[in-house]
Structure formats: C-alpha cells, structure tokens
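This report concerns only the one structure given below.
Both backbone and side-chain heavy atoms feed into the values below; hydrogens, waters and symmetry mates do not. Sequence lines set the chain letters: A, B, ... in the order given, protein chains first and strands last, and positions in each chain run from 1.
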2 protein chains.
Amino acid sequence: MAVAYERIADELRTAIRAGRLGPGDRLPAETRLAERFGRSVPTVREALRALQDEGLLEKRHGVGNFVRRRRTRARRTNLRHQWEKDRARAPLERRAQTGATEHDTGLHVDDLVFRARYREVAAPAAVAEVLGVPEGTVLLERSYRTRCAAEHAPFSLVTSYLVHDVIAGNPALLDERNEPWPGGSQSQLHSVGIEVDRVEEHVTARPPAPEEADELELPPGTSVLVLRKVSYATDGRVVDVSDVILPGDRTELVFTTPLERW
Amino acid sequence: MAVAYERIADELRTAIRAGRLGPGDRLPAETRLAERFGRSVPTVREALRALQDEGLLEKRHGVGNFVRRRRTRARRTNLRHQWEKDRARAPLERRAQTGATEHDTGLHVDDLVFRARYREVAAPAAVAEVLGVPEGTVLLERSYRTRCAAEHAPFSLVTSYLVHDVIAGNPALLDERNEPWPGGSQSQLHSVGIEVDRVEEHVTARPPAPEEADELELPPGTSVLVLRKVSYATDGRVVDVSDVILPGDRTELVFTTPLERW
DNA sequence: GAGTGGTCTAGACCACTGT
DNA sequence: CAGTGGTCTAGACCACTCC
C-alpha cells in the first residue's frame, strides 16, 4: 500500500465496485487524476493499466478511460454433441438447415458467415499422441472461423485434426469447398462409417497471444478459454482432435452431467 | 510496428517461441537490453511487461527476468459427480476415506488441508434467481479452501449456496465444524432426503481480481477459470449453487459427454 | 482546433536477492 | 556489497477523436 499507483488503483477499484463509477462511465482525464492524487501522469497511467489488466477499465484513445461494460455472452453447451449426432443421419435437407453453432447461438444460417481452410500436415508429437498414431502420420488439418454476418470478429478459432487415411474413403471430405458440410463433423465421419461414441472436452484458460487477441478482437484485460475436444469412435479409437480458442469474456461453456437414479 | 516497445517485445517473443530462449532462461539485465536496443530502460520495461501479461515471462525482483515454465496441472473431471453420488449412501467409514478432490488429484486425505467457513446470508438477486427463491431468502453460504499440505496456495476458492430452510431438517448441516462432511455435498443433501439428478456447470474465464491472485498465489499473466456449478434435485428444484475460482494455468477441466448408440 | 490518451526520455532513488 | 528489478518524476511530442 506504500506504493502510489496501487493506492490510486485501489481507490478507483473501490469506486467501481461500489457503483460510484458505473459501467460505461468516463473517468476524469489522466492529467486531472494526476493533479487530484498529487502524482505524475505516468504514475496515474500505471494505476489505470492495472485496472485495465483486471478487465475493469477500457481505454479509448483520444476519448478517455471508461468503466468496462460486460459483453453479451454466447453459450456453448455439451448437449450440442448429442444434438449433432441425432442429425448426422437425417435427410440432407434437414441437415443443411442448421448446424451446432446455430443450435448454440440461436441464430439462423443466413446470419452466419463460415470459412474453412484445409491443409495436409505431418502429425506433431502432441496431437499424434492423443490420436494414437505415430508422429509424422499424415493428418488433415481443418481451420474454421464462424462469425455473425453483422459482426467482424469470429466466435472462435477452431483447428481440427483428422487422420488422413481414416477419412480418405470419401474424397469429398478432403476438399474444403464442401464446407460447411451439412450436419457437421459427425455427419462427415458417418460418411466413412464412423459412429462417435463419446466426446471429451478439456478446458483451460490463459491470456490471449497477440494474434488471438487480434483475430478475436479481444480488448486488453480479457482471457481466452482453451478447449480441446476429443471424439472417440464406438471402437474406442480417437477419430478427431479439435482445438478451440474462445473469448473468455463473451463465452459461457455449459456442461450438463446427468446422474443415475437411485 | 512503428512502436519501439512492440519491436522489442516481438523480437523477444520470437526468440522464446523459436526456443532460442528456453523455459527458465534468464534474460539480460534491463539496462543491458536498453543498450542493445538503443532505447531507454522504461521502454524496455514496457516490452517486458507485455510479455509478462501474455504469460511468457516471469519477473523476479532483484534477480532477473526469466522465461516462464509451464506449471503442473490439476484435473477436475465431471465424472466426479457420479462418483460422489455413488458414495453418498455408502457406509460412513467408506465415505470418510476419500472425497471428490482426492478422486481428482489422486492425493490422500492426509495430504490435504481443508477449511470451511459457514455464514447465513440474505440471497442476493443473482443467486436467488438461479435457486428459484425470492431475493433476500435466508441462505447458507459455505466457503471452502482445500490445499496440499505441502503447498501454501489452495487449489480453488469455492463458495456454495444452499437454501437454509431446505436443509434445516438436519441441524448438523448448519455447523461448519462438521466439515469436511464424509461423502461430500451429495451425502449432506441425502441426509435431508434430497437426491441430485443432474449437475450443470457453467464455465467462463477472466483475469483474476487482486484478492484472487493473492489467495491463489497467481503470478501476473495468468487467468482464472470461473465455474458455476448448479445441482438439480430429482424434482427439478435447484438445491445448490456453487461458484468456483480455479487457477487457469494449473487447472484442466475435463468433461465427458457420452452419446446414445445408433 | 481542443482535448484526450500513447509513447518516450534521462535520470533518480528504493527494495530485493544472492554472495 | 554489487547487481537486479521497482517506482517515480517532469516534461516532451505524437496520434487519435470529436466538434
């Protein structure tokens, strides 16, 4: 507490938490705050930076410092997997109507812009281990971006890995121009005779890398959720590994675990 | 790229990613870096700060700047809920042996230090809504901290809310001195005739508040996972709402979703 | 053009760490 | 004690936003 910038940060933080400074409110100019606290401008800026790192403040160049508003959230539930499985064998027209993202967000197909990029890569050690194949095995790496037509930033950054030989039986699966595939991944896997038995999702969190912050248009003071989705076939094989980067402040992951009755 | 500190940060970041600077390596002194890049010390510090915010760097006062090492992870799977339910009606001695935390971490009861604090509170709006009770209803607020005996920082910060009247039938449930309750929450609820039907977990991520960083001993440049666990009874009522704060760099949440067979 | 935040300097002094 | 990072100043100039 002996430190000047911490004293300033504390005072402002308290004001924000107590609601004396509400969401969207503008703070006094930095020079003004410096006068009021009897400190230099850089010291005040240090305090503001701390608050920004905590996600409490939003800086707008040339405009001012504002109390951050909470962003609206997008949900992603694990019910989507059963939902997608149920649709995987449905008639084409029904599958084409909506995908799992529409299911989660409640948006229409027309509201969404979808982009896929395919690439053949040699399996890096970390992915090979999960897929249960030797390092260097040929994989199909698929990158997906989905965004609201009205917005600029995508919901998530998705990279999916499939074993090339496993899906090569259906050449249509190797061409990114067939995306978005009606019915999603499970429908794709079904086309080469694979039934997904269970999905495992591993979740951690960390600050975004600069490229991620850039592409997801994340303001400073936010985190990303890192989700690794592993799909198991009915024979126990791992058939898909997907890494998903989600904006932590806009995304709510929901997992429902049903329990056996007594 | 026109900006000096970004150029410096980029160069160091590239070196780290390429492995020219490996985990644990010490960087040259800040004054030395300033010379090398032909910039002032504060400018160099700005660059180092950016890298620290990304979780790439660890500053040690009086020692130096180091490339951050990855911390070992603790897992928390959603299988714990069924596991806990199975034990809820088991004989006392079996219940006393291990709890869900032991199940997740693979540690023994003796390795863990447990602390609980109970408090009666009036339901705040946000919690009341989830519990489906009027605002201001009397709740039992339970705060938990569990840590490794050998370590200082707890695994997580847990705050659980129960409706007072619902559990008052068993006065033992109102006394924190009865914690840790053998068999955990589901066993406690079972003692007042409640069977948990399903558990819903909502996950987001954000930077830690200073108090959280303090208590969990989080270094700068880390995020927290925010998990809200909602337990539903077989009659559809919400019987428990728990908020859990977990260190994002040390925790891996694992959710398994089984799918119905075709 | 007025007002805001963004970057940067050059140097001072303090606090911490390890020998 | 020497070397390191931590804090702070006073002021300069640039870049952006909005009127």
> Below 4.5 Å, heavy atoms only, C-beta onward: do A:T204 and A:R206 meet side chain to side chain?
Replying inline: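 Not touching, per the 4.5 Å side-chain cut-off.
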> Is any side-chain heavy atom of B:V127 closer than 4.5 Å to a side-chain heavy atom of B:R228?
Replying inline: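 In contact.
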Output the rounded distance in Å from [atom1] ([X]) to [atom2] ([N]).
| X | N | atom1 | atom2 | result |
| --- | --- | --- | --- | --- |
| B:E46 | C:dG5 | CD | C1' | 13 Å |
| B:Y5 | C:dC8 | OH | P | 7 Å |
| B:R39 | C:dG6 | CZ | P | 19 Å |
| B:F37 | C:dC8 | CZ | P | 13 Å |
| B:L33 | C:dC8 | CG | C1' | 17 Å |
| B:K59 | D:dG3 | NZ | P | 19 Å |
| A:L48 | C:dG6 | CG | P | 9 Å |
| B:N65 | D:dG5 | CG | P | 5 Å |

Within the supplied structure, the quantity of interest is the number of heavy atoms (other residues, nucleotides, ligands) at a distance under 6.0 Å from [X] [atom1]; does it exceed 12?
| X | atom1 | value |
| --- | --- | --- |
| B:E176 | CD | yes |
| B:E217 | CD | yes |
| A:R17 | CZ | yes |
| A:R69 | CZ | no |

Mind listing the N/O atom pairs, protein and nucleotides 1-3 of chain C, below 3.5 Å?
from	atom 1	to	atom 2	distance (Å)
C:dG3	N2	A:G62	O	3.1

> In residues 49-56 of chain A, which residues come under 4.0 Å of DNA chain C by heavy atom?
Replying inline: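 Of all residues in residues 49-56 of chain A, none places a heavy atom under 4.0 Å from DNA chain C.
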> Taking all non-hydrogen atoms of both residues, which atom of B:R26 and which atom of B:V63 are closest, and how far apart?
Replying inline: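 So the two residues come closest at NH1-O, 3.5 Å.
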> Between D:dA10, D:dG6, D:dT7, which one does the side chain of B:E30 approach most closely?
Replying inline: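 Closest of the options to the side chain of B:E30: D:dG6.
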> Does A:N78 use its side chain to pair, donor to acceptor, with the backbone of A:T256 at less than 3.5 Å?
Replying inline: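 Checked: pair present.
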> For D:dT9, does either OP1 or OP2 sit under 4.0 Å from a side-chain N or O belonging to A:T43?
Replying inline: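 Indeed, a polar side-chain atom of A:T43 lies that close.
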> Which word best sums up how the rings of A:Y144 and A:F114 line up, parallel for under 30°, tilted for 30 to 60°, or perpendicular for over 60°?
Replying inline: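 Tilted.
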>> For B:R45 and A:V44, find the nucleotide of DNA chain D closest to each by heavy atoms; which residue's nucleotide sits nearer the 5' end?
In response: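 Upstream on the strand: B:R45.
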